[in-house]
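Single-structure report; data block below.
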Amino acid sequence: MINQFINSIIDNLNFKNGHQVEFIQAVKEVLSSLKTYIQENPYIIKSGILERIVIPERLIEFRVAYQKDDTTIDVNTGYRVQFNSALGPYKGGLRFHPSVNQSIIKFLGFEQIFKNSLTGLPLGGGKGGSDFNPKGKSDGEIMRFCQSFMTELSKYIGSNTDIPAGDIGVGEREIGYMFGQYKRIKSEFTGILTGKSLEFGGSLVRKQATGYGLIYFTKEMLENINKQDIKDKKIVISGSGNVAIYAAEKAIQLGACVVAMSDSSGFIYAKNGINISYIIDIKENHRQRISEYINLDNSAEFYPASEKSIWSIPCDIALPCATQNELSLKDAEILIKNGVIAVAEGANMPCCEQAVHLFLENNISFAPGKAANAGGVSTSGLEMSQNSIRDSWDFETVDKKLESIMKNIFKISNDTSIKYNNPNNLVVGSNIAGFHKVATAMAKQGIL
Ligand code: NDP
């Protein structure tokens, strides 16, 4: 009966949005974890919670045009999905990448609802972005694009309505240009975006937060489930952007050895451990390709993406931190064969559905992104608090709060997995724990 009910919701979504594969994948993953919970809570069906939660409260799509340096005009599509505001104002990042479309934005926005709920902070779920490709663009082009994007987006956001942040392709530079444009249009200096520079309302640790948070969560999972320490573990991390870099930095600080990292062109392998300061210099200071690393460390090797998968490198812990569906079933089989003991998602939905099932079937400790990468949005919440009280906290204070939030997310996900007869299954645990609070709030707020 519950199965039939869930299937009918997915069938209906397939009928209406069948081409939105990433969105349907994310909905299926959450809904299929909720069976026991729905059985125990008949109000979910009576109040139409599932039918309502899978449809965004609002989806805004707009044109973003700007002039390139060569005077030609580049036209892109901008999006903001305001998915669910049961727990607070919409909160979620902006992604600038050519692959962005409605399906990607909706899957990210849907995930964000439950992730934000898990943080314990009063935040609703949203996401946005554009199919704009920042690669190879000049600083002037990036600025003009950001200004054009914010000119339109500013009509729909506000510090008590919707507070975007960064994601793929959107870092401190882009947030700065968008913040400036919002201030210019509205004549208002307000915490409208998080991930800002420290000079105008940014928070210490926000840059490091998702990566550090991922490692705090992974450490907690290893200690509680595997009864092991992160120290001396061999780690492979995909990506070399914001999440990947600071996950590597924290893992190394805790005594682990990061042996491989990547970007979309391929990966580097350094069997004695990657020097993360070289990666920071290549990526953050010079915006270069990861292959540059072998010019700084001649014991390292570079493999183009077309030749070899980063997941073929043997490791104890795998941290996919690049993008959705980057880790396939075949990759999961190889990781297991090579002895992986834990996989934690720094990116959103980086492991395909079959890979997740295989990890769980083989008792590999698996941390789903909505729990493991919630450190970014948590620290964005802390940035919002500092902005509201016109204060700024020191690095240690914010870092301690972040660590405690991540430990708590692990605890509620783990406790919930036990309560619902799926011990060690953090997919079920985090989905039910995240859903419970949102569904309760929706039911109490009436039929909207
Ligand atoms: P960045 O833009 O800083 O870095 C992304 C990294 O992933 C780059 O190394 C990029 O390589 C690589 N990458 C992107 N797309 C692909 C692809 N199709 N194939 C292979 N590699 C790819 O983004 P973030 O580090 O901020 O985000 C990474 C992931 O983490 C995303 O899934 C994001 O949603 C998630 N996340 C981010 C948070 C944050 O606070 N930033 C918070 C929570 C989740 P290249 O440069 O060659 O494109």
Side-chain angles (χ1 to χ4, degrees), residues 22 26 91-100 104-105 107-112 114-116 118-119 125 127-129 132-136 164-175 193-195 203 205-214 217 237-249 260-268 279-280 282-284 286-293 304-306 309-311 319-328 331 344-351 367-381 383 402 406 409:
E22 294 85 1
K91 180 94 195 95
L94 298 170
R95 176 177 290 192
F96 293 168
H97 192 271
S99 63
V100 165
I104 300 285
I105 295 299
F107 117 65
L108 290 165
F110 186 71
E111 286 282 291
Q112 197 80 43
F114 310 105
K115 181 188 307 191
N116 292 1
L118 285 169
T119 66
K127 198 81 189 187
F132 170 67
N133 187 357
K135 273 204 198 104
D167 191 79
I168 292 181
V170 178
E172 203 175 286
R173 171 180 63 166
E174 293 74 19
I175 293 286
L193 292 158
T194 56
S203 172
V205 195
R206 176 58 190 91
K207 184 167 75 170
Q208 295 85 352
T210 309
Y212 278 21
L214 173 67
F217 190 98
I237 304 181
S238 63
S240 48
N242 175 260
V243 179
I245 286 177
Y246 292 98
E249 184 176 87
M261 291 182 78
S262 65
D263 64 17
S264 57
S265 66
F267 73 91
I268 49 148
I279 300 277
I280 291 177
I282 293 166
K283 288 292 173 184
E284 290 189 353
H286 295 100
R287 296 181 188 274
Q288 290 171 327
R289 308 313 292 155
I290 201 156
S291 51
E292 287 297 320
Y293 186 89
S306 53
S309 161
I310 190 170
W311 307 120
L319 303 177
C321 294
T323 195
Q324 64 277 350
N325 291 325
E326 54 162 305
L327 196 157
S328 67
D331 294 325
E345 296 186 321
N348 285 307
M349 210 168 74
C351 300
K370 67 171 70 65
N373 71 31
V377 72
S378 303
T379 310
S380 277
E383 181 173 332
L402 167 67
M406 295 314 294
I409 295 177

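Atoms within a ligand are numbered from 1 in the order they appear, just like the ligands themselves. Quick caveat: nothing in here was measured; it's all calculated off a predicted structure.
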(request) Below 4.0 angstrom from a heavy atom of Ser240, which ligand 1 atoms are there? Numbered from 1 as shown, please. (result) 9 (O)
(request) Among all protein heavy atoms, pick out the one at the shortest distance from atom 18 (N) of ligand 1; state its residue, atom name and that distance to 0.1 Å. (result) Thr323 CG2, 3.5 Å
(request) Answer with side chain, backbone, both or neither: which part of Lys135 has a heavy atom less than 4.0 angstrom from an atom of ligand 1? (result) side chain
(message) Among all the protein's heavy atoms, is there at least one whose distance to atom 10 (C) of ligand 1 comes out below 4.0 Å?
(response) no
(request) Could you tell me whether some N/O pair between Leu108 and ligand 1 is separated by less than 3.5 angstrom? (result) no
(message) Show the atoms of ligand 1 that are less than 4.0 angstrom away from any heavy atom in Arg206.
(response) 40 (O)
(request) Report yes or no: does Glu174 contribute a side-chain atom to a donor-acceptor pair with the main-chain N or O of Gly171 at less than 3.5 Å? (result) yes
(message) Can you tell me if Arg95 contacts ligand 1 (heavy atom of the residue under 4.0 Å from the ligand)?
(response) yes
(request) Keeping the roles fixed (side chain from Glu383, backbone from Gly195), state whether a donor-acceptor pair exists under 3.5 Å. (result) yes
(message) Determine whether a donor-acceptor pair (N or O, by modelled atom type, separation under 3.5 Å) exists between the side chain of Asn348 and the backbone of Glu111.
(response) no
(request) Would you indicate which of Gly241, Gly169, Gly266 comes nearest to atom 2 (O) of ligand 1 when only heavy atoms are counted? (result) Gly169
(request) Tell me which one of Ile310, Asp167, Thr210 gets a heavy atom nearest to atom 33 (C) of ligand 1. (result) Asp167
(request) Could you say whether the N/O atoms of Asp263 and ligand 1 ever approach to under 3.5 Å? (result) no
(request) Pick, from Leu214, Asn242, Ile104, the option with the minimum heavy-atom distance to atom 26 (O) of ligand 1. (result) Asn242
(message) Once you restrict to heavy atoms under 4.0 Å, what part of Glu326 touches ligand 1? Side chain, backbone, both or neither.
(response) neither
(message) Give me the residue, atom name and distance of the protein heavy atom closest to atom 29 (C) of ligand 1.
(response) Ala322 O, 3.3 Å
(request) Can you see which heavy atom on Arg95 is nearest to which on Ile104, and at what distance? (result) NH1-CG2, 3.9 Å
(message) Lys127 versus ligand 1: do any nitrogen or oxygen atoms come within less than 3.5 Å of each other?
(response) no
(request) Kindly determine whether Ile290 and Lys283 satisfy side-chain contact (heavy atoms from CB on, under 4.5 Å), including the steps that lead there. (result) CA-CA 7 Å; Ile290 201 156; Lys283 288 292 173 184; 4.2 Å; yes
(message) Are the side chains of Pro320 and Met349 in contact, using a 4.5 Å heavy-atom criterion?
(response) no
(request) Using a 4.0 Å heavy-atom threshold (strictly under), name the region of Cys321 that reaches ligand 1: side chain, backbone, both or neither. (result) backbone
(request) Measure Glu284 to ligand 1 on non-hydrogen atoms and call it side chain, backbone, both or neither using the 4.0 Å cut-off. (result) neither
(message) In the structure I gave you, are the side-chain heavy atoms of Asn242 and Lys207 within less than 4.5 Å of one another anywhere?
(response) yes
(request) Would you mind checking which non-hydrogen protein atom is closest to atom 24 (P) of ligand 1, with the distance to 0.1 Å? (result) Val243 CG2, 3.9 Å
(request) Please confirm whether the backbone N or O of Ala347 pairs with a side-chain atom of Asn373, one donor and one acceptor, at under 3.5 Å? (result) yes
(message) Would the distance check show the side chain of Gln112 and the main-chain N or O of Gly125 forming a donor-acceptor pair, the cut-off being under 3.5 Å?
(response) no
(message) Does any N or O of ligand 1 fall below 3.5 Å from an N or O anywhere on Ser264, backbone included?
(response) yes
(request) Check Ser309, Pro350, Ser262, Cys321 against Glu326 for a side-chain contact (heavy atoms from CB on, under 4.5 Å) and give me the one that passes. (result) Pro350
(message) On a heavy-atom basis, I'd like to know which of Ile168, Ile279, Ile290 is closest to atom 23 (O) of ligand 1.
(response) Ile168
(message) What protein heavy atom lies closest to atom 32 (O) of ligand 1? Include the residue and the distance to one decimal.
(response) Asn348 N, 3.2 Å
(message) Side chain or backbone, does Arg289 bring an N or O within less than 3.5 Å of an N or O on ligand 1?
(response) yes
(request) Locate the shortest heavy-atom distance separating Ala165 from Ile175; write the atom from each residue and the value. (result) C-CD1, 3.7 Å
(request) For residues Phe110 and Lys127, determine if any side-chain heavy atom of one lies less than 4.5 Å from a side-chain heavy atom of the other. (result) no
(request) Of all the heavy-atom pairs spanning Thr210 and Gly376, show the shortest one and how long it is. (result) OG1-CA, 3.1 Å
